[in-house]
Each structure stands twice: as C-alpha cells, then as structure tokens.
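Right, one structure below, let's go through it.
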Amino acid sequence: MPTLAVFSQSAMSARWLIRISGARQRGAEPAQAAHKAFVTLKKIEKALSKSLADSDIARANALKQGERLRLQPETFECLKLAQSLSQQTAKAFDPAAGTLVDFWTRQQAATVANAACGNGGGFCEEMPEWRAAFENFRFGAFSLDDNSVEIVCDNAGAKLDLGGIAKGFALKKMAEDLESLGIESALLSAGGSTILALDAPEGRDKGWEIALGNRPETISIKNEALSSSGAPQRKTCIVDPRSGLPATTTNPTRVIARDPAVADALSTALAVMSPAERAQFATTMPHIKIL
C-alpha cells in the first residue's frame, strides 16, 4: 500500500489539498514542503484577491485614469498571462470584467431574496448599472509596463477580477515550491475546481485518478492540470464579457493543460462559448484537451 501524506489549508474561499505520494521523496519531508507551498498560497491570495483592501488588485482597482502602480512580480506575471489569454479567447475570458461579475453577483443574490419573499423583480438591459458595467471595460481597462513592472490604469470604470485564473496560478507556484524541495509525486487541489498533478503516485504509472463530478468514469492525469467551470465547486458567477450576461451552460466545462493557470482561465472562457465556438477554439489550441 503506497504511503500518502495529505495536508490542507483554507484560502480564496476554498479548501486546498496537497497529497504527496511516498513517505519521503528525494528532498524535504512532505510536511516541510507542504508548509512552504501554503505560505506561497497565502502570499498569492494577499496579492490577487480583490476583496483584500491592501492587495495589489484592490489597489489597482482604486487607481484613477493614467495612474500607475508597481506590482509584486507574481501579480505582474499573472496579469500578463491573463492579458494574453484574453486575446487568445477573443475576450471570452477577460480579467477586467470585475464590474460585470460584481453586478451579476448582486443580481443573483437579489433574485434569490425576491423569490424567498414572493416579490417580483428581475433584469433588463436598460438597467443603468448593468449598462455602465458592460460598456466601461470594452474600451480598454489597463496596460502593463514590462520595464517598470507597473500597471497603468487606462479606464477607471473597469475593475480587475482574477477569479477565473488565480487558483490555477497559485497551484503553479505551489508546485514550483514542492519541486524545488525534491517533491516529485503530488496532487494539488484548489477546492476541487482546479487540480494539478505532478508525477504519478507509487503503483499508478498512468497517473493520479480523478473523478469527473457525478459521472461514473474517472481519468488519470500526471504532469498536467484539470480545471472545471460551471461545476458545483464553482460558487462564483461566470459572466460572458462579450455580451455582459451570465453563462447559460448547465454542464461543467473541463480543460486539461500543462499549465494550471491556463486550464483555469480556459475552462472559464469555454463556459461562455457556444458549442460551435468551442469546437472552433479547440482547433486553435491543439496542446489542450477539452472534455
């Protein structure tokens, strides 16, 4: 029976797990390695969470047009990747759609409250708050200065929200910590919505066995990540930045990619695409798998 050490931590409104195969690998003790990875997780949460007043993202969202802010290297790296993926998905994923996400989060809460009270109410496209949220970020939100590692506010009406990529990005950095300490076989999970597998565990050459929600079958992955959007684990509102409306898909979208941040962002983008758009997008990204 292979030895499995399991460690957990709460962050980003989710329960994070690290499973390390083998009582001791070629480097650090599992507990020491997991501790280092969780320190990194907390550091990234403090930098990327828009709800923390002193985070890089909250401070960036407070900038006025034309103002600049020097970012931590991790924040700059994550935003750079998010910006690139936004372009690759034709804005089906957009890190600057924060005002839209906030609007629909409030709208959903109000709908639930009205239903509980027997009240009417709903959404229409003439609502000024929605119109402002939708129109603002379409005209550009921010730019990044590679030389100074700064973000420049191009539009104060648009707000950043990295909820569609932050967990995957954190998993990538945590895995780098584990590998730097000699941990080669591990499975990292961010609340179940994004999972990163390093090398296969003892006795399972095909990789780590992962269940796909309520489906009976499982898949095996190693040295790659699986991310799901629209699944029960995802409590956040998924909004289509192109239309300003919530995703209508009722089935989870799942992506496998080498980079967990890429898998995280693309599963979010695919959740707002039509079946035809997904099929076309798949032809442009042969290095990923869409389940």
Side-chain angles (χ1 to χ4, degrees), residues 1-23 25 30 33-34 37-38 41 93 163-176 178-179 183-236 238 247 249-273 275 278-279 281-282 285-291:
M1 177 74 70
T3 303
L4 195 66
V6 182
F7 308 91
S8 66
Q9 176 74 62
S10 293
M12 298 185 188
S13 302
R15 194 68 178 168
W16 297 62
L17 294 175
I18 299 177
R19 295 176 174 88
I20 298 177
S21 177
Q25 302 203 33
F38 284 141
L41 169 61
F93 166 77
I165 193 172
K167 289 185 176 68
F169 183 78
L171 285 176
K172 176 166 66 173
K173 294 301 178 183
M174 292 166 69
E176 290 174 2
L178 297 183
E179 291 172 328
I183 302 297
E184 299 175 343
S185 177
L187 186 74
L188 298 85
S189 173
S193 62
T194 302
I195 298 168
L196 173 60
L198 301 185
D199 206 0
E202 296 174 276
R204 293 186 178 274
D205 292 342
K206 291 184 178 180
W208 294 84
E209 193 171 273
I210 308 297
L212 296 177
N214 295 325
R215 290 162 58 176
E217 71 269 29
T218 62
I219 62 170
S220 294
I221 60 173
K222 62 179 178 179
N223 299 313
E224 57 190 358
L226 167 67
S227 186
S228 305
S229 288
Q233 298 97 329
R234 282 278 176 106
K235 303 288 195 296
T236 54
I238 299 177
T249 182
T250 56
N251 296 318
T253 56
R254 297 184 174 95
V255 173
I256 293 177
R258 295 279 294 183
D259 186 328
V262 171
D264 196 1
L266 293 186
S267 70
T268 303
L270 289 165
V272 305
M273 292 183 186
R278 291 180 196 173
F281 181 74
M285 302 283 281
H287 57 286
I288 70 167
K289 302 174 191 173
I290 301 175
L291 303 183

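The structure displayed is predicted, hence computed values, not measured ones. We use all heavy atoms of the structure for the numbers below, so side chains are in, but hydrogens, waters and symmetry mates are not.
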Check your understanding: Sub-3.5 Å donor-acceptor pair from the side chain of Ser21 to the main-chain atoms of Glu202, do we have one?
Key -> yes

Revision key, fill the gap. The reported gap from CD1 in Ile210 to CD1 in Ile256 (rounded to nearest 0.5 angstrom) is 9.5 Å

Check your understanding: Which residues satisfy the side chain to side chain contact (heavy atoms under 4.5 Å, CB included) test with Arg15, sequence neighbours excluded?
Key -> Ser8, Ser10

Exercise for review: Looking only at non-hydrogen atoms, find the nearest pair between Asp264 and Lys167 and report the distance.
Suggested key: OD2-N, 3.6 Å

Review point. Looking at residues at least two apart in the chain, or sitting in another chain, which of them share a side chain to side chain contact (heavy atoms under 4.5 Å, CB included) with Ile290?
Key: Leu270, Ala282, Ile288

Revision key, fill the gap. When every non-hydrogen atom of Pro260 is compared with those of Gly168, the smallest separation belongs to CG-O, 3.3 Å

Review point. More than 12 foreign heavy atoms under 6.0 Å from NZ of Lys173: is that the case here?
Key: yes

Practice item. Say whether, by atom type as modelled, one donor and one acceptor occur between the side chain of Trp208 and the main chain of Asp199 under 3.5 angstrom. Key: yes

Exercise for review: Quick one: list whatever passes side chain to side chain contact (heavy atoms under 4.5 Å, CB included) with Ala170, sequence neighbours left out.
Suggested key: Met12, Trp16, Leu41, Ile44

Check your understanding: To the nearest 0.5 Å, what is the distance between CG (Leu188) and CZ (Arg19)?
Key -> 10.0 Å

Practice item. Please name the pair of heavy atoms, one in Leu266 and one in Phe281, separated by the smallest distance, quoted to 0.1 Å. Key: CD2-CZ, 3.8 Å

Review point. Do the non-hydrogen side-chain atoms of Arg278 and Thr253 ever get within less than 4.5 Å of each other?
Key: yes

Exercise for review: Output yes when a side-chain donor or acceptor of Arg258 lies under 3.5 Å from a complementary backbone atom of Asn223, and no otherwise.
Suggested key: yes

Exercise for review: Could you list the residues that satisfy side chain to side chain contact (heavy atoms under 4.5 Å, CB included) with Ala269, not counting sequence neighbours?
Suggested key: Thr89, Ala92, Phe93, Met273

Exercise for review: State the CD-CD1 distance between Glu209 and Ile219, to the nearest 0.5 angstrom.
Suggested key: 10.0 Å

Revision key, fill the gap. Shortest non-hydrogen pair, Asp205 vs Ala200, comes out as O-CB, 3.9 Å

**Study point:** Ser229 versus Ser267, closest heavy-atom pair with distance
**Key:** OG-OG, 2.9 Å

Exercise for review: Tell me, with the steps shown, if Leu212 and Leu226 meet side-chain contact (heavy atoms from CB on, under 4.5 Å).
Suggested key: CA-CA 10 Å; Leu212 296 177; Leu226 167 67; 4.0 Å; yes

Review point. CG of Leu187 to CG of Leu196: how many Å apart, nearest 0.5 Å?
Key: 7.5 Å

Exercise for review: Please report the closest heavy-atom contact between Ala271 and Ala247, naming both atoms and the distance.
Suggested key: O-CB, 3.5 Å

Exercise for review: Report the residue from Ser228, Ser189, Ser227 that forms a side chain to side chain donor-acceptor pair (under 3.5 Å) with Thr194.
Suggested key: Ser227

Review point. At what distance, to the nearest 0.5 angstrom, does CD of Glu176 lie from CG of Leu171?
Key: 11.5 Å

